[in-house]
Amino acid sequence: MSKEIKKEKILVTSALPYANGPLHIGHLAGAYLPADIYVRYQRLKGNDVVYICGSDEHGVAITIRAEQDGVQPKQIIDRFHELNKRSFECFGISFDNYSRTSLPIHHETGQEFFSDFYQKGILKKKKEKQFYDEAARMFLPDRYVEGTCPNCQFPEARGDQCEKCGSDFNQTELIDPKSKITGKTPVLKETFHWYFPLGDFQEGLKKYLDSHPEWKQNVKNYCYGWLKQGLKDRAITRDLQWGVKVPLEEARDKVLYVWFEAVLGYISSTKEWAQKIGEPDRWRDYWQNENCKLVHFIGKDNITFHAIMFPAILMAKKGYTLPDSVPANEFLNIQGDKVSTSRDYAVWLEDYLENFPPDSMRYCLASIAPETKDSDFSWKDFQTRNNSELVGILGNFINRSLTFIDKHFDGRVPQQKQHDELDYWILKQISEAPKKVGDQLERFRVRQALKAFMNVARDANKYFNDKEPWRTVKEDSELCGATLNICVQVSKTLAILMEPFLPFSAEKLWALLNQEGDIHGQNWFAAGKEFIPAGHQLAKPEILISKIEDKVIAAEVEKLKAKSQTVGKGEGKVSEEKSSLISFAQFKNIDLRVARVLTAERVENTDKLLRLEVEIGEEKRQIIAGMAEFLAPESMIGKLVIVVANLQPAKIRGLESQGMLLAAENDSGELSLITVDKEIGTGAKIR
RNA sequence: CGCGGGGUGGAGCAGUCUGGUAGCUCGUUGGGCUCAUAACCCAAAGGUCGAAGGUUCGAAUCCUUCCCCCGCUACCA
């Protein structure tokens, strides 16, 4: 029944999330949501698209986490694989297969690539000395050795480079090396590894990159930067137990390095998918087919692996499709600060889902997707986007249309009649919309696409307003009916166009329109063109998307604030111990002064904040302090207190705080002001 | 130092590749409407597009120089 348009074959992947922790909205915004939107759009277009992902379950970080938790690595990966898989499902990320790299099929694939390279003589075997932690009985990756920089004597240099002076060196050059795992001094032990000669592919990669001028600027910049420096041999094996075993007798205790093996997970996940659908060779249709478009959605930290190393691996293997595009996104910050998993400063998917619907976050993240630069998520912005855009513009149009028909036309789609100018205008808008939105999506511009989509809803509201059906219903019910008929057609168009962005709301709207079949299986290009006939019975109207209350948002903001303040507390065991001692120099950096409180008052609409004016010697300053719960402002006036005088000023509730007042706090949060035991004069130094 | 990113009305951002009336959301002000989730529509105020030069009939956009901010440290995409 459908005119067979030429189907495109597309294989889409999203970066394999590392199964040593939960997922946060930054992951979603970068690699998963844009990919899912793209994939859903391609499906509606009728293209043959397969969307592949899975858990990355190897690597040292997982074994270390397992040790910390006192469990087996398997328990860690099982836990996070299940958790993350479920989070993705709840957010509507529509993978065709979500695999895991611990499966036999993946180990086989990894070994196959290694063996192939080994037999072709591509790999170079190199002997080297590496640090070995005898207590942990393992070789130490660069990141897990620390010592004094041979160049600048900085005491906390990492195994491969010093962050203080920026110099690169070999981990064996470190002075007084220590294992970050046990804290013990490691010994040097000889070992050997196989290296993949990236340099041999320099020319091929250059040509490959040159053939993709359409790639995003940030991706090209990174890659050409790498090529300019010259590609070096890179080890593809490691001395570890956890991972894909190197398939050679002489390498019993070695595994494939994750960077090499994890990207192959895309291939093994596709193989698994093919098996599941009962056509075990189907994966070749995508991976070994020149006419298949391979698209990798990733975060910017992953660019070199996907745009340099993976293509090189595929070139070496021969017979595989090279990535056609690598849309890499930048990072998402949270309320102005970088995401920090160690500090638990993030919005975790599982937490979010307890309080809010997935589509609200999908909408928000799609509209602030970090496509060209890092972007910032804030709860306030999330609320505004949900309430004034999603609800106010989109939801409201649907609602006002459907309730109007319910009230005045018994929920049946009214008759159409001769169109007037406004009718033609809005019909033109909806018929052009699929192409407008689609053109942006083809170029991976999710924010633009979303905007184009929302413009339809904006136009729809304008149409409704200008046609004034609430007036014509009394004067000319035929005309009124014609207006609402068009509103229904607009709603249907919106349902299809919103599916990639807001799949859950699309489903709901499809049901409200009482349409047959699955919204996810509709035809993109029918949107705005195939209409619901007059007389069709609609379902009872319901609110499509709900508003989000201030209270809920305030609670989330508080949660984050608490976390950003507990730097070093909680999880960061390792770093905490080390940072518990400060040097005298560090102490001297803090300028503590005696000050007199001149005025003190509560800051309006806050529970804890006091606004104080203090005198420090000649100077007067405003300080905002969070002590109102335990200290009455009037009791403080005239007192001598201790302030940190050289603290960076900060805005708190719009008021600048030029310092910090010291107070003692016990476990229950009770406060007591610190003061001096005699009149010593304000501005006096504390030392 | 080097590499990368950024500097656009009160806030947050788009537009820069492919020069041609500076746009969006929020906020502010005024008006309209009352079907709708106090939602919707219209209008106004508000910008030397970091600075200076250059190319051009024409530059936010291309070129040069300079200034400022951020990242390149963290088991974070």
Side-chain angles (χ1 to χ4, degrees), chain A residues 14-18 20-21 23-33 59-65 68 143-144 156-158 161-166 180 213-214 216-218 220-222 225 228-229 297-303 328-333 338-343 345-346 367-368 370-376 378 380-381 384-385 387-393 395-408 445 447-448 451 454-455 458 460-473 480 483-484 487 541 543-547 571-572 574-575:
Chain A
S14 285
L16 307 183
Y18 204 46
N20 75 333
L23 294 160
H24 54 73
I25 59 171
H27 292 107
L28 209 57
Y32 307 97
L33 180 63
V60 228
I62 282 171
T63 55
I64 286 177
R65 165 104 202 213
Q68 278 174 356
R143 252 188 235 162
Y144 293 98
E156 285 168 38
R158 287 192 341 186
Q161 68 167 60
C162 172
E163 63 213 40
K164 188 77 170 259
C165 66
K180 278 187 92 168
E214 81 286 2
K216 287 175 60 173
Q217 199 59 48
N218 57 345
K220 286 190 291 186
N221 283 344
Y222 266 86
K228 217 162 75 185
Q229 285 176 18
F297 283 85
I298 54 172
K300 66 175 166 187
D301 55 330
N302 241 329
I303 290 174
N329 284 304
E330 305 287 309
F331 286 166
L332 186 76
N333 294 325
K338 291 186 74 173
V339 166
S340 167
T341 49
S342 52
R343 273 195 284 145
Y345 185 76
S367 54
I368 61 169
E371 287 169 358
T372 52
K373 58 183 175 192
D374 289 0
S375 61
D376 192 48
S378 86
K380 188 76 199 128
D381 178 68
T384 305
R385 292 203 129 88
N387 291 0
S388 55
E389 295 182 30
L390 249 196
V391 173
I393 295 168
N396 184 237
F397 170 74
I398 306 286
N399 190 242
R400 69 201 294 207
S401 300
L402 299 188
T403 51
F404 198 99
I405 293 175
D406 184 57
K407 216 182 271 177
H408 299 285
R445 294 176 157 198
R447 327 161 62 132
Q448 286 296 325
K451 196 168 158 189
M454 284 302 286
N455 281 342
R458 284 180 223 280
N461 275 312
K462 178 169 171 53
Y463 173 77
F464 198 107
N465 253 64
D466 292 354
K467 295 288 282 189
E468 301 182 306
W470 58 90
R471 183 187 339 225
T472 56
V473 72
C480 175
T483 299
L484 269 302
C487 288
I543 294 288
L544 193 62
I545 303 146
S546 300
K547 287 211 167 191
E571 288 207 13
V574 190
S575 59

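Because the structure is predicted, anything quoted here is derived from the model rather than measured. Throughout, protein chains are lettered first and strands after them, A, B, ... in sequence-line order, and every chain is numbered starting at 1.
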Original post:
Given atom CE of A:Met454 and atom C1' of B:A39, what is their separation to the nearest angstrom?
Top reply: 13 Å
Original post:
So do the side chains of A:Ser375 and A:Asn333 get within less than 4.5 Å of each other, counting heavy atoms only?
Top reply: no
Distances under 3.5 Å between nitrogen or oxygen atoms of protein and nucleotides 32-36 of chain B:
residue, atom, partner, partner atom, Å
B:G32, N2, A:Asn465, ND2, 3.3
B:C33, O2', A:Trp470, NE1, 3.4
B:C35, O3', A:Lys407, NZ, 3.4
B:C35, O2, A:Arg400, NE, 3.2
B:C35, N3, A:Arg400, NE, 3.4
B:C35, N3, A:Arg400, NH2, 2.6
B:C35, N4, A:Arg400, NH2, 3.0
B:A36, OP1, A:Lys407, NZ, 2.7
B:A36, O3', A:Asn399, OD1, 3.1
B:A36, O2', A:Asn396, ND2, 2.8
B:A36, O2', A:Asn399, OD1, 3.0
B:A36, N1, A:Arg400, NH2, 3.4
B:A36, N3, A:Asn396, OD1, 3.3
B:A36, N3, A:Arg400, NE, 3.2

Original post:
Touch check for A:Leu332, heavy atoms < 4.0 angstrom, all strands: base, sugar-phosphate only, or nothing?
Top reply: base
Original post:
Partners of A:Asn396 by side chain to side chain contact (heavy atoms under 4.5 Å, CB included), sequence neighbours excluded?
Top reply: A:Arg400, A:Asn461
Original post:
How would you list, by chain and number, every residue that makes a salt bridge (charged side-chain N to carboxylate O under 4.0 Å, His left out) with A:Asp376, sequence neighbours excluded?
Top reply: none
**OP:** Side-chain contact test, heavy atoms from C-beta onward, threshold under 4.5 Å: evaluate it for A:Thr483 versus A:Cys480 and give yes or no.
**Re:** no
Original post:
If the C1' atom of B:A11 is compared with that of B:G46, how far apart are they to the nearest Å?
Top reply: 13 Å
Original post:
Expressed as a whole number of Å, how far does the C1' atom of B:G47 sit from that of B:U8?
Top reply: 7 Å
Original post:
For A:Ser14, which contact category applies under a 4.0 Å heavy-atom criterion: base, sugar-phosphate, or nothing?
Top reply: nothing
Original post:
Which distance, rounded to the nearest 0.5 Å, do you find between the CG of A:Asp301 and the CG of A:Asn329?
Top reply: 11.0 Å
**OP:** Taking atom C1' in both B:A39 and B:A22, compute the distance separating them and give it to the nearest angstrom.
**Re:** 30 Å
Original post:
Excluding sequence neighbours, so at least two apart, what forms salt bridge (charged side-chain N to carboxylate O under 4.0 Å, His left out) with A:Lys451?
Top reply: none
Original post:
Expressed as a whole number of Å, how far does the C1' atom of B:G19 sit from that of B:A60?
Top reply: 10 Å
Subject >> All ring-ring contact (aromatic ring centres under 6.0 Å, His included) counterparts of A:Phe404, not counting sequence neighbours >> reply: A:His408
Subject >> Sequence-aligned protein contact record of nucleotides 3-17 of chain B, with B where the base is within under 4.0 Å of a protein heavy atom and S where only the sugar-phosphate is >> reply: -SSSS-----SS--B
**OP:** Apply salt bridge (charged side-chain N to carboxylate O under 4.0 Å, His left out) to A:Asp466 and list each qualifying residue two or more places apart in sequence or on a separate chain.
**Re:** A:Lys462
Original post:
Say you pick atom P in B:U18 and the same atom in B:U64; how far apart are they, in whole Å?
Top reply: 15 Å
Original post:
How far does the P atom of B:C67 sit from the matching atom of B:U29, given to the nearest Å?
Top reply: 43 Å
Subject >> For A:Glu330, salt bridge (charged side-chain N to carboxylate O under 4.0 Å, His left out) partners two or more places apart >> reply: A:Lys300
Original post:
Between A:Asn455 (CG) and B:C40 (P), how many Å, whole number?
Top reply: 15 Å
Subject >> Whole-angstrom distance between B:A36 and B:G31, as gauged at atom P >> reply: 24 Å
Subject >> Set of residues satisfying side chain to side chain contact (heavy atoms under 4.5 Å, CB included) with respect to A:His24, sequence neighbours excluded >> reply: A:His27, A:Val339, A:Thr341, A:Ala346, A:Trp348
Original post:
Which residues pass the side chain to side chain contact (heavy atoms under 4.5 Å, CB included) test with A:Gln448, sequence neighbours left out?
Top reply: A:Gln440, A:Arg445
Original post:
Which part of the nucleic acid, if any, lies within reach of A:Gly395 when heavy atoms closer than 4.0 Å are counted: base, sugar-phosphate only, or nothing?
Top reply: base
Subject >> side-chain N/O A:Lys462 vs B:C40 OP1/OP2, d < 4.0 Å >> reply: no
Original post:
Closest heavy-atom contact between A:Pro541 and A:Leu402?
Top reply: CG-O, 3.7 Å
Original post:
Between B:C26 atom P and A:Leu390 atom CG, what is the distance in whole Å?
Top reply: 12 Å
Original post:
Base, sugar-phosphate, or nothing: which does A:Ile398 touch, judged by heavy atoms less than 4.0 Å apart?
Top reply: nothing
Original post:
If you look at every strand shown and take non-hydrogen atoms under 4.0 Å, does A:Leu402 touch a base, only sugar-phosphate, or nothing?
Top reply: nothing
Original post:
Between B:U73 atom P and A:Tyr345 atom OH, what is the distance in whole Å?
Top reply: 21 Å
Original post:
Quick one: is B:C26 close enough that its OP1 or OP2 comes under 4.0 Å of any side-chain N or O from A:Asn387?
Top reply: no
Original post:
Can you tell me how far P of B:A74 sits from CG of A:Asp301, to the nearest Å?
Top reply: 11 Å
Original post:
In whole Å, what is the span from the NZ atom of A:Lys300 to the P atom of B:C70?
Top reply: 15 Å
Subject >> All ring-ring contact (aromatic ring centres under 6.0 Å, His included) counterparts of A:Tyr32, not counting sequence neighbours >> reply: A:Phe88
**OP:** Could you give the distance separating B:U73 and B:U21 at their C1' atoms, to the nearest angstrom?
**Re:** 48 Å
Original post:
When you look for runs of 3 or more Watson-Crick or G-U pairs in a row, both distances below 3.5 Å, which of them include RNA chain B?
Top reply: B:2-7 with B:67-72, B:10-13 with B:23-26, B:28-32 with B:40-44, B:50-54 with B:62-66
Original post:
How many Å lie between CD1 on A:Ile368 and P on B:C26, as a whole number?
Top reply: 16 Å
Original post:
Mapping A:Thr384 and A:Ile545 onto RNA chain B by nearest heavy atom, which one lands closer to the 5' end?
Top reply: A:Thr384
